[in-house]
Amino acid sequence: MTRRLVAAAVVLLLCACAGGGRGSSAALPATRDALGGRHGASGKITHVIVIVQENRSFDNLFYGYPGADTQTYGYTSTGKKHKLKPVGLEALWDVDHSLTAFLQACDGTGSLPGTDCRMDGFNKEALTCSKGGKPYCPPADSQYSYVPHAETKPYFAMAKQYVLADRMFTSNIDGSFVSHQYIIAAQAVGTVDYPSSGIWGCDGGKQDTIATLTQQRAVGARIRACFGDQTLGDELDAAGISWRYYTSGVYKNGSLWNAYQAIKHIRYGPDWKADVVRPQTRFFSDVKKGALPAVSWVTPTCQNSDHAGCGAATGPAWVASLVNAVGQSQYWNSSAIFVFWDDWGGWYDHVAPPLVDYDGLGMRVPMLIVSPYARKGYVSHVQYEHGSILRFIEDQFGLGQLSASDARATSPEQDAFDFTQAPRAFTPIQAPLNAADFERQPPDDRPPDTQ
């Protein structure tokens, strides 16, 4: 039996054991090879870079962006109209963004919890006090905030040159751990919220468990936080296509954002040393020496993540440095770069998420698409999710779909790209820090999500 078929069987077994888990289906879709080769691929993209940032809603990060659907105010559960106020990326406090917080913020009226959202319950989400420095507890209703434009200039500059998607939703309805599984596997084996151990993956042992999500959007049985599902990395391996996942180390904040640490056959297999690369700044040297793989994921440290509570505003410069590294390299004319934020982080957003199944979609988050073939200064209003990024990659390299998310998702290829145009020359994104600055940064091992 081939590796792909073995992995597919494992996916189906795990989903069945989880009681109809996330992304479960009666059978995996046919592969592209079985369907007669590539579908919808331009042939011009041979390098895809997925940059994962943390915990920002669209209204929070792209407040007031011209042509995008943003709102300057929101309503609380008491009916109070609340004008969004500026709160910097460097805020030393955080907002709950678990399943409970999603249901509170949505304040839905549908028969299934978290549906027909009124989007007026963000004030019910728990606020945490500062984790370091001078103690500070934020005022009530601080969830209704936006990031000052002075801090988001690199992001706005990318949007003005390329594509900003204002209908990107998370495929899951909770936080970071599950989200990072979705961006490698289009599912999370039916799990919800966070593992019980601070190690958050196979290294946590049998005692490291995580809850499952029932079809009624309730917390179900717990399973070990060490999975056997097929991932995009497995599909790329089977097709002989190179990939790397640039991240932090085990037992550090990478144990949350290093999604492959929770995939047993990769954590304890050859891919762990060959393709899971630590630290994430090795991305810069791989680009410089001409060793960029066909598919890359890049996760941040807490300091550079945009995550509230990390006390830093360097996330936009971090992303700009990654984009500039590709843009000023031999890879620019063959690349597509996707920048997205893994969940809403508890911040207010006025657009209600569509219902596609019992576990999605989640809150709206930003997505930037950077490529020499991306439309210039274009705001895309097409509905996307995690699976849209995976679907784009699968289409470019002739791969099949992994689960429900990428099977149903719309690829950005048709709306966000114009492959009839010649590749545009790259204009560097201005930022206060560059690749050399990030390569000199000391390690940042803080785990931001421990609630």
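This is a predicted model, so every value here is computed, not measured. In this chain, residues are counted from 1 in sequence order.
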Between atom [atom1] of [X] and atom [atom2] of [Y], what is the distance when rounded to the nearest 0.5 Å?
{"X": "R364", "Y": "F58", "atom1": "CZ", "atom2": "CZ", "result": "5.5 Å"}
{"X": "T247", "Y": "Q261", "atom1": "OG1", "atom2": "CD", "result": "8.5 Å"}
{"X": "T427", "Y": "Q161", "atom1": "OG1", "atom2": "CD", "result": "5.0 Å"}
{"X": "D349", "Y": "C106", "atom1": "CG", "atom2": "SG", "result": "12.5 Å"}
{"X": "K124", "Y": "S77", "atom1": "NZ", "atom2": "OG", "result": "4.5 Å"}
{"X": "S411", "Y": "Y384", "atom1": "OG", "atom2": "OH", "result": "7.5 Å"}

Looking only at the aromatic ring of each residue, does the gap between the centers of [Y] and [X] stay below 6.0 angstrom?
{"X": "F392", "Y": "F417", "answer": "yes"}
{"X": "Y348", "Y": "F122", "answer": "yes"}
{"X": "F156", "Y": "H149", "answer": "yes"}

If the threshold is 4.0 Å, N to carboxylate O, is there a salt bridge linking [X] and [Y]?
{"X": "D406", "Y": "R391", "answer": "no"}
{"X": "R118", "Y": "D107", "answer": "yes"}
{"X": "D286", "Y": "R244", "answer": "yes"}

Does any part of the side chain of [Y], heavy atoms only, come nearer than 4.5 Å to the side chain of [X], both counted from C-beta?
{"X": "P366", "Y": "F340", "result": "no"}
{"X": "V287", "Y": "F283", "result": "yes"}
{"X": "Q181", "Y": "I263", "result": "yes"}

Please give me the minimum heavy-atom distance between [X] and [Y], naming the atom from each residue.
{"X": "L361", "Y": "I173", "answer": "O-CG2, 3.7 Å"}
{"X": "A239", "Y": "L399", "answer": "CB-CD2, 3.8 Å"}
{"X": "V351", "Y": "F169", "answer": "CG1-CZ, 3.9 Å"}
{"X": "I369", "Y": "P412", "answer": "CD1-CB, 3.8 Å"}
{"X": "S403", "Y": "A185", "answer": "CB-O, 4.3 Å"}
{"X": "S335", "Y": "I49", "answer": "OG-CD1, 4.0 Å"}

Does the side chain of [X] pick up a donor-acceptor pair with the side chain of [Y] at under 3.5 Å?
{"X": "Q441", "Y": "N304", "result": "yes"}
{"X": "E54", "Y": "H180", "result": "yes"}
{"X": "E235", "Y": "Q230", "result": "no"}
{"X": "Q280", "Y": "S248", "result": "yes"}
{"X": "S57", "Y": "D59", "result": "no"}
{"X": "S179", "Y": "H386", "result": "yes"}
{"X": "E125", "Y": "W344", "result": "yes"}
{"X": "N258", "Y": "T299", "result": "no"}
{"X": "T128", "Y": "D94", "result": "no"}

Hey, what's the ring geometry for F62 with Y155, parallel, tilted or perpendicular (30° and 60° as the breaks)?
tilted
Using 30° and 60° as the class boundaries, would you call the ring planes of W93 and W347 parallel, tilted or perpendicular?
tilted
Where at least one partner belongs to residues 373-389, residue pairs that pass salt bridge (charged side-chain N to carboxylate O under 4.0 Å, His left out), sequence neighbours excluded:
E385-R408
So which pairs with a foot in residues 144-172 pass salt bridge (charged side-chain N to carboxylate O under 4.0 Å, His left out), sequence neighbours left out?
D69-R167
Can you list the steps and then say if D343 with S176 is a side-chain hydrogen bond (donor to acceptor under 3.5 Å, both in side chains)?
CA-CA 6 Å; D343 65 62; S176 291; 3.1 Å; yes
Sequence neighbours excluded, every pair satisfying ring pair (Phe, Tyr, Trp, His ring centres under 6.0 Å) that has a member inside residues 359-381:
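Ring pair (Phe, Tyr, Trp, His ring centres under 6.0 Å) check on residues 359-381 returns Y373-F419.
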Starting from the C-alpha separation in whole Å, work towards a yes-or-no answer on side-chain hydrogen bond (donor to acceptor under 3.5 Å, both in side chains) for N123 and Q104.
CA-CA 8 Å; N123 58 301; Q104 289 172 330; over 6 Å; no
Per-pair distances, 0.1 Å, donor-acceptor, side chain in residues 320-328, under 3.5 Å, sequence neighbours excluded:
unit_1	atom_1	unit_2	atom_2	d
S321	OG	W318	O	2.6
N324	OD1	I429	N	2.8
N324	ND2	A320	O	3.2
N324	ND2	I429	O	3.0

In chain order, what residues pass the side-chain hydrogen bond (donor to acceptor under 3.5 Å, both in side chains) check against E439, with sequence neighbours excluded?
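So E439 forms no side-chain hydrogen bond (donor to acceptor under 3.5 Å, both in side chains) with any residue.
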For Y182, the option from T170, D359, D342 that meets side-chain hydrogen bond (donor to acceptor under 3.5 Å, both in side chains):
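Output: one option passes, namely D359.
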Quick note, disulfide (SG to SG under 2.5 Å) partners involving residues 348-415, not counting sequence neighbours, are none
Looking at N60, L61, N55, I51, which one forms a side chain to side chain contact (heavy atoms under 4.5 Å, CB included) with W341?
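That would be L61; it is the only one of N60, L61, N55, I51 passing the side chain to side chain contact (heavy atoms under 4.5 Å, CB included) with W341.
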